[in-house]
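In what follows, every chain begins at residue 1, and chains take the letters A, B, ... in the order their sequences are listed.
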Number of protein chains: 2
Amino acid sequence: MEMDLCAPTKGRPREFDIDDALAAALRVFWSKGYEGASLTELTEAMGITRPSLYAAFGNKESLFRKALDLYEREKLAYMRAALDAPTAKGVAERLLRGALASQCSECEPKGCLGVISSVACGAEAEAIREEVIKRRQSSHKALVERFEQAKRDGDLAADADIDGLTGYIFAVMQGMAVQAGAGAKREDLERVLETSLMMWPGR
Amino acid sequence: MEMDLCAPTKGRPREFDIDDALAAALRVFWSKGYEGASLTELTEAMGITRPSLYAAFGNKESLFRKALDLYEREKLAYMRAALDAPTAKGVAERLLRGALASQCSECEPKGCLGVISSVACGAEAEAIREEVIKRRQSSHKALVERFEQAKRDGDLAADADIDGLTGYIFAVMQGMAVQAGAGAKREDLERVLETSLMMWPGR
DNA sequence: CCATTTCCATAACGGACGGTATATAATGTC
DNA sequence: GACATTATATACCGTCCGTTATGGAAATGG
């Protein structure tokens, strides 16, 4: 199903670019949240009508999931890349700098879609919320494993609390996201980042 | 106005306790957010009907503001108390421990109403969101002033970045709130707290 | 050229939302 | 006891929500 490769080329071709439309939808979800983004706002931003949206993406929830895929693929790439840093502190630094760049880009919504979508919501969005939380857990797990490697490498102390460190670095990133979404200036978050980095043990 | 003292005692007395009702409303807002909390959920939790709610609290927005007042008065008291700690690190520790207790109470919703209400939302809740952000700024300012005092006292280095430290400690608390709202266990957040505290400079 | 397929545009659907009008019940005042 | 006042109960309002039915336009395959 959905074999979009080798387009069918039968019938009238769609008049909009599906990737552009999805990117536009992502921006709306990113700034308003799942529930806060109405179909009217979405279709206006995407430049298409409601039936076109439903034909191309299924429904609102499935559109959000596709937007979330795009977000993780493009905007959260820094997370995977950060794990390649040579030391634990290097990983932390790349994570924080990547979060800052992603949350404070000039031409995109402030904050983090994952944070926005994982906080409290109405009943209808509960399924979305749980999915976002589940996806975050896999990132969490990857960072735990990277820090375990760091402990073996010796750049984390043998008695370091790895779960604590992982939760901590996520907390700083999430806190930055909250503040970015609340209108904090980029330089404010830069100082938060530097402060946190300064405290990180070792090098 | 609103001289509720020396109750008027004229007309039919209301059959519910207004403070209990407000506390119940707070719990709903706290777990669902402003938009996620419907009038149906609110009235059911408060044990009153819609007209009673409107007669006693005005409308949904004004009910939320009163609930927010209650929240800040009761659940955020630890913030004011924390400023009395003798050292900057003591302030940080009290803030983090207070946040943990408030966000992970067994008998109340997880997370932080301020965080929940300050992230992205629909258009109708924008005014609420801005008010919550404004209230947080006054807390921020109070902590900045406390840290400036700490610098004069000598328990913060003369070249310490006070705005950075303040934003940082708020970020950790907000990150803990995000994780608490996402279902993190209390012991997880306790380790985040201890990790952050361990890194704090000085004593 | 026709049939088919797919898309676009309009407009409507049922339902939930926040908010109220109306009528009735319960109190204090005179 | 009659009146003024306030709270409750029921039922309803208009609006917006996500979703879809309908009708026609545009492109391809035969």
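- The salt bridge (charged side-chain N to carboxylate O under 4.0 Å, His left out) test applied to B:E194 returns B:R97, not counting sequence neighbours.
- For A:R191, the salt bridge (charged side-chain N to carboxylate O under 4.0 Å, His left out) partners two or more places apart in sequence, or in a different chain, are B:D161, B:D163.
- No side-chain N or O of A:K134 forms a donor-acceptor pair with one of A:S138 less than 3.5 Å apart.
- For the ring-ring contact (aromatic ring centres under 6.0 Å, His included) test, residues two or more places apart in sequence or in another chain that qualify with A:Y71 are A:W30.
- Take A:A150 and apply the side chain to side chain contact (heavy atoms under 4.5 Å, CB included) test, not counting sequence neighbours, and it matches A:A88, A:R146, A:D155, A:L156.
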For nucleotides 25-27 of chain C, which of its nitrogen or oxygen atoms have a protein nitrogen or oxygen under 3.5 Å away, and what is each distance?
unit_1: C:dA25; atom_1: N3; unit_2: B:R12; atom_2: NH1; d: 3.1

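- Less than 4.0 Å separates DNA chain D from at least one heavy atom of each of the following residues of residues 43-55 of chain A: A:R50, A:P51, A:Y54.
- Rounded to a whole Å, the CG atom of A:L42 is 8 Å from the P atom of D:dG18.
- In this structure, A:E61 atom CD and D:dC17 atom P are separated by 18 Å, rounded to whole Å.
- Take B:F57 and apply the ring-ring contact (aromatic ring centres under 6.0 Å, His included) test, not counting sequence neighbours, and it matches no residue.
- Along DNA chain C, the nucleotide nearest to B:T40 and the one nearest to B:G58 differ in position, and the one closer to the 5' end is contacted by B:T40.
- Residues meeting the side chain to side chain contact (heavy atoms under 4.5 Å, CB included) test with A:V172, sequence neighbours left out: A:L96, A:Y168, A:M176, A:S196, B:Y168, B:V172.
- A:E35 places its CD atom 13 Å from the P atom of D:dC17, with the value rounded to the nearest Å.
- Under the ring-ring contact (aromatic ring centres under 6.0 Å, His included) criterion, A:F147 pairs with A:W200, sequence neighbours left out.
- Nucleic acid contact for B:A123: none, since no nucleic acid atom lies under 4.0 Å from a heavy atom of the residue.
- Atom P of nucleotide C:dT20 and atom CG of B:L39 are separated by 11 Å, given to the nearest angstrom.
- Atoms CZ (B:F57) and C1' (C:dG19) sit 16 Å apart, rounded to a whole Å.
- With rounding to whole Å, A:I18 atom CD1 is found 9 Å from C:dC7 atom P.
- Not counting sequence neighbours, the partners of B:S118 by the side chain to side chain contact (heavy atoms under 4.5 Å, CB included) test are A:V178, B:V132, B:I133, B:R136.
- The interatomic distance linking B:R14 (CZ) with D:dA9 (P) rounds to 13 Å, in whole Å.
- Looking at B:Y34 and B:L68, their side chains never come closer than 4.5 Å, going by heavy atoms from C-beta outward.
- Listed pair A:N59 / D:dG18 fails the phosphate criterion, with no side-chain N or O lying under 4.0 Å from OP1 or OP2.
- A heavy atom closer than 4.0 Å to some atom of DNA chain D occurs in no member of residues 24-31 of chain A.
- The side chain to side chain contact (heavy atoms under 4.5 Å, CB included) search around A:R65 returns A:E61, A:I128, A:E131, not counting sequence neighbours.
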